[in-house]
Amino acid sequence: MSSALTDLCRYPIVQAPMAGGVSCPQLVSAVAEAGGLGFLAAGYKTADGMYNEIKQLRGMTGQPFGVNLFMPQPNLADPSAVEVYKHQLAGEAAWYETPLGDPDSSGDDGYEAKLAILLEDPVPVVSFTFGCPTRGALDALAKVGTYTVVTVTSPEEAQAAQWAGANAICVQGVEAGGHRSTHRDDPQADDAGIGLLSLVAQVRETVQLPLIASGGIMRGSQIAAVVAAGAEAAQLGTAFLVCPESGAHLLHKQALTNPLFVRTALTRAFSGRPARGLVNRFVREHGPYAPAAYPQVHHVTSELRKAAARAGDAQGMALWAGQGHRMARELPAGRLVELLAEELDAAHAAPSTRSTQ
């Protein structure tokens, strides 16, 4: 591991920022106390909500942690396409007895206000999703001592992040659960994602920055694989989602290993942006017709997803999951970090053991 990342965590294990309440202070503190690097997810929260979680987390651990921000999105959605999709979802609204949300709610996720708080009251690490900040923003964070990470899905995005002044790159393979962190939402590229090992190797040859590999990682042996490919650390989301400290809904946790859900897919059904989740009824019925309209579709379906959760209906929920979801282990987050570290050590020792036989 590079010296900067070594200072942040004992093990090369990063708990991914999962928006929607999953990456809560309880989960982040447990990971940090065990020697990993935990992330709060500021996405979909108000600036005050983010700050309150930071204060709560500081009261739970003195270890380093990170905060993830969503970059503001350009308004490229076709309003007529969103209206057509709303009509398609009318049956869902009637079934769950809840109104559809307003597609014209805030589109910048309070980015500037959140950034201002993080500059005034710095945290150890800030990462970015859905784009690359300006050099001015990254330089300002550097001046207050914050380590910055930009999430990318291609070598070209990694190069842009290096030019902008990021300290490190989070390389997201197509296997990853949740939203694809593309810097530009191009519907023509929905099927053009690159697998993690190939992407890490390509990015390693493109930039000189430390890399954090993310996508489908569930075991210490996989962490060893991405480190061998050129990463300094691995970021895991789905693996931590089932932990008791996670803020994920119980139905979501249970679905990851439920044989009823046999595969994942990238879908725009819930948010208007490609995101990998378990294939359920909502994805099958609405995914093919969902427009490229983020965050408008996210706002439209927000109340539907909440109503499905209240009704105990996993078939109407956004069950974000990486391709390795069937390997999830329901362990306390601290124990999971320890087990991953043990598996990583075993993987590193295995070649030398075989060579002596």
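Using a 3.5 Å distance cut-off with no hydrogens or angles, the side chains of Gln202 and Ser198 do pair a donor with an acceptor. A donor-acceptor contact closer than 3.5 angstrom links the side chains of His298 and Arg305. Side chains of Tyr96 and Asp313: a donor-acceptor N/O pair is present below 3.5 angstrom, by distance only. Donor-acceptor pairing under 3.5 Å is recorded for the side chains of Glu33 and Thr61.
Contact check on Arg58 versus Asp121 returns a salt bridge, with a Lys/Arg side-chain nitrogen under 4.0 Å from an Asp/Glu carboxylate oxygen. Ion pairing of Arg281 with Glu92 is present here, as a side-chain N (NZ or NE/NH1/NH2) and a carboxylate O approach within less than 4.0 Å. Salt bridge present: Arg335 and Glu342 bring a charged side-chain N and a carboxylate O closer than 4.0 Å. By the 4.0 Å N-to-carboxylate-O rule, Glu245 lies too far from Lys253 to be salt-bridged with it. Between Asp185 and Arg180, none of the side-chain N atoms (NZ, or NE/NH1/NH2) sits under 4.0 Å from a carboxylate O, so this pair counts as no salt bridge.
Side-chain contact between Gln296 and Asn75 is present, with at least one heavy-atom pair separated by less than 4.5 Å. Residues Val67 and Tyr51 form no side-chain contact, since every pair of their non-hydrogen atoms from C-beta on lies 4.5 Å or further apart. Side chains of Val297 and Thr301 form a contact here, defined as non-hydrogen atoms less than 4.5 Å apart. Residues Met71 and Cys132 form no side-chain contact, since every pair of their non-hydrogen atoms from C-beta on lies 4.5 Å or further apart. Side-chain contact check for Ile223 versus Ile13: some heavy-atom pair is nearer than 4.5 Å. The shortest distance between side-chain heavy atoms of Leu336 and Phe240 falls below 4.5 Å. For the pair Met218/Leu236, no side-chain contact is recorded, criterion being any heavy-atom separation below 4.5 Å from C-beta on. Taking 4.5 Å as the limit, every side-chain heavy atom of Phe39 sits out of range of all side-chain heavy atoms of Cys170.
Between His183 atom NE2 and Thr151 atom OG1 the span is 7.0 Å, to the nearest 0.5 Å. Atom CE of residue Met18 and atom CG of residue Leu241 lie 5.5 Å apart, to the nearest 0.5 angstrom. Taken from CZ in Phe65 to CD1 in Ile54, the straight-line distance is 5.5 Å, to the nearest 0.5 Å. Atoms CG and CD, on Leu209 and Gln159 in that order, are 11.0 Å from each other to the nearest 0.5 Å. If you take CZ on Arg326 and OG1 on Thr257, they are separated by 7.5 Å, rounding to the nearest 0.5 Å. Taken from CG in Leu256 to CD in Glu330, the straight-line distance is 10.0 Å, to the nearest 0.5 Å.
Taking the centre of each ring, Tyr44 and Phe70 come in below the 6.0 Å mark. Centroid-to-centroid, the aromatic rings of Phe270 and His286 stay 6.0 Å apart or farther. Note: His179 and Trp320 meet the aromatic proximity criterion, with ring centroids under 6.0 Å apart.
Here Asp190 pairs with Arg268 under the side-chain hydrogen bond (donor to acceptor under 3.5 Å, both in side chains) rule; sequence neighbours left out.
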Stepwise salt bridge (charged side-chain N to carboxylate O under 4.0 Å, His left out) test for Lys306 and Glu97
CA-CA 11 Å; Lys306 293 175 184 176; Glu97 299 181 339; over 6 Å; no

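A salt bridge (charged side-chain N to carboxylate O under 4.0 Å, His left out) check over residues 195-207, counting only residues at least two apart or in different chains, returns the pairs Arg204-Glu232.
Both tests hold for Arg273 against Phe130: distance to the six-membered ring centre under 6.0 Å, angle to the ring axis within 45°.
Nearest heavy-atom pair across Pro133 and Ala137 is CB-CB, 4.1 Å.
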